[in-house]
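Data block below; observations after.
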Amino acid sequence: MADIRIQRVRKVFNNTVVAVNDVDLHIQDQEFLVLLGPSGCGKTTLLRCIAGLEDVTSGRIFIGERDVTYLPPRQRRIAMVFQSYAVFPHMTVFENIAFGLRMQKAPQHVVDERVHEAARLMHIEELLERYPAQLSGGQRQRVAVARAIAVQSDVLLMDEPLSNLDALLRLEMRAELKRLFNRLQTTVVYVTHDQVEAMSMGDRITVMNAGRLIQLDKPTRVYDYPATKFVGGFIGNPPMNFLRVHLTDDQRAASIGDVQIPIPDEVRRALHGDRVEIGIRAENIEVTTERKEHWLPAEVAVVEPLGSHNLLTVECGGHLLKVNVPADLSLSPGMTIWLRFVPEKVRWFDSESGQALL
Ligand code: ATP
């Protein structure tokens with residue numbers, strides 16, 4: 001068993017910067033957990049605390065049954081891949097991949113077997129005799145991942161391992177790593193600030209902001225039911241649209257212009273006065289070019305053709321909204337269109353705290 005239990009972990013740098021703020025997190029055995037968040041939110045610091053590369057200021061970390069809080073990195077039985085994916089320039093690819101196994105004093109036949117297996121998984125078997133200077137960036141990246149896989153640790157920590165690759169290679173490696181981790185029985189903690197990577201790879205995603213965990217859930221759940229406005233704005237491209245709305249006197253509906261959106265009972269129970277904002281994603285707004293009763297009028301500001309669909313920016317009741325429309329819908333700036341928010345896709349937030357109302 002290699003689940004990871006993080007209990008009230010806090011990391012303060014120089015008595016001033018609270019990089020990780022009392023985080024509680026249980027990562028399941030063999031789970032692929034993504035730590036996602038904007039630059040500076042504390043992802044790398046939390047990962048380094050798990051690895052033992054940073055001492056925690058307070059709190060405890062368990063891997064399986066072992067309390068590893070004060071163990072040095074090499075005794076934690078973990079493997080790591082970093083953003084900079086340091087490979088040793090004076091060693092062949094083979095020796096680079098073998099490095100962790102040599103440190104463990106593994107017998108030569110085990111080294112041979114594991115290096116070849118890791119190289120085969122990463123499609124770099126034909127490169128084993130080369131030196132890093134003779135490799136492309138993407139190949140070097142694969143060497144770093146192969147080295148981490150070869151030690152077959154129960155826990156693998158990865159910090160933005162694809163960040164230095166070009167877009168196409170990144171896409172390929174994303175799928176390859178995903179396939180790989182479906183097969184290896186490893187617990188993976190994967191740091192990224194790329195929300196597409198997080199959505200596509202993670203069994204669960206933890207969204208962090210300012211040292212705290214904001215939401216921990218399955219990717220589709222985080223996307224569909226963001227716990228806060230911050231999450232709705234951070235996950236998804238384009239970000240979720242937010243609109244301040246007014247409640248009707250009986251608090252049973254929200255009004256935008258003369259359109260009313262019914263408020264679900266569970267949302268109504270969580271209301272604090274009139275502080276309500278709704279969130280709606282670009283693909284959950286229906287569009288028509290013909291005037292319709294109870295649809296919202298909007299003016300097209302920008303049309304961005306994206307191949308599979310067009311992304312519109314529209315002005316609607318003082319708000320700028322992003323809306324996805326089919327590529328063949330012919331629209332141009334200045335045109336008036338009518339919008340309908342798909343009711344079951346509307347999300348409700350407290351406009352002051354930003355918390356979802358549920
Ligand atoms: P990025 O995506 O940019 O790598 P991150 O989410 O991984 O960001 P961290 O690197 O964990 O963020 O940094 C969290 C906070 O801690 C930041 O404010 C950062 O400046 C600060 N920090 C990180 N390392 C140190 C350090 N060694 N000394 C002082 N402050 C640090």
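When a ligand or atom number is given, it counts from 1 through the structure's own listing order.
- The aromatic rings of Phe242 and Phe349 lie perpendicular to each other, with more than 60° between the two planes, well past the 30° mark.
- Residues passing the salt bridge (charged side-chain N to carboxylate O under 4.0 Å, His left out) test with Glu352 are Arg275, sequence neighbours excluded.
- Cluster membership for Val325 and Leu339, using ILVMFWY side-chain heavy atoms within less than 4.5 angstrom, is shared.
- For ligand 1, residues of the protein lying within 4.0 angstrom by heavy-atom distance are Phe13, Asn14, Val17, Ala19, Pro38, Ser39, Gly40, Cys41, Gly42, Lys43, Thr44, Thr45, Glu160.
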Item to complete: Assess whether side chain to side chain donor-acceptor pair (under 3.5 Å) is satisfied between His116 and Glu125, documenting all intermediate values.
Response: CA-CA 7 Å; His116 280 104; Glu125 256 188 314; 5.2 Å; no
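- In this structure, the side chains of His319 and Asn241 stay at 4.5 Å or more apart for every pair of heavy atoms.
- Follow the hydrophobic side-chain contacts under 4.5 Å out from Tyr190 and you reach Tyr223 in the same cluster.
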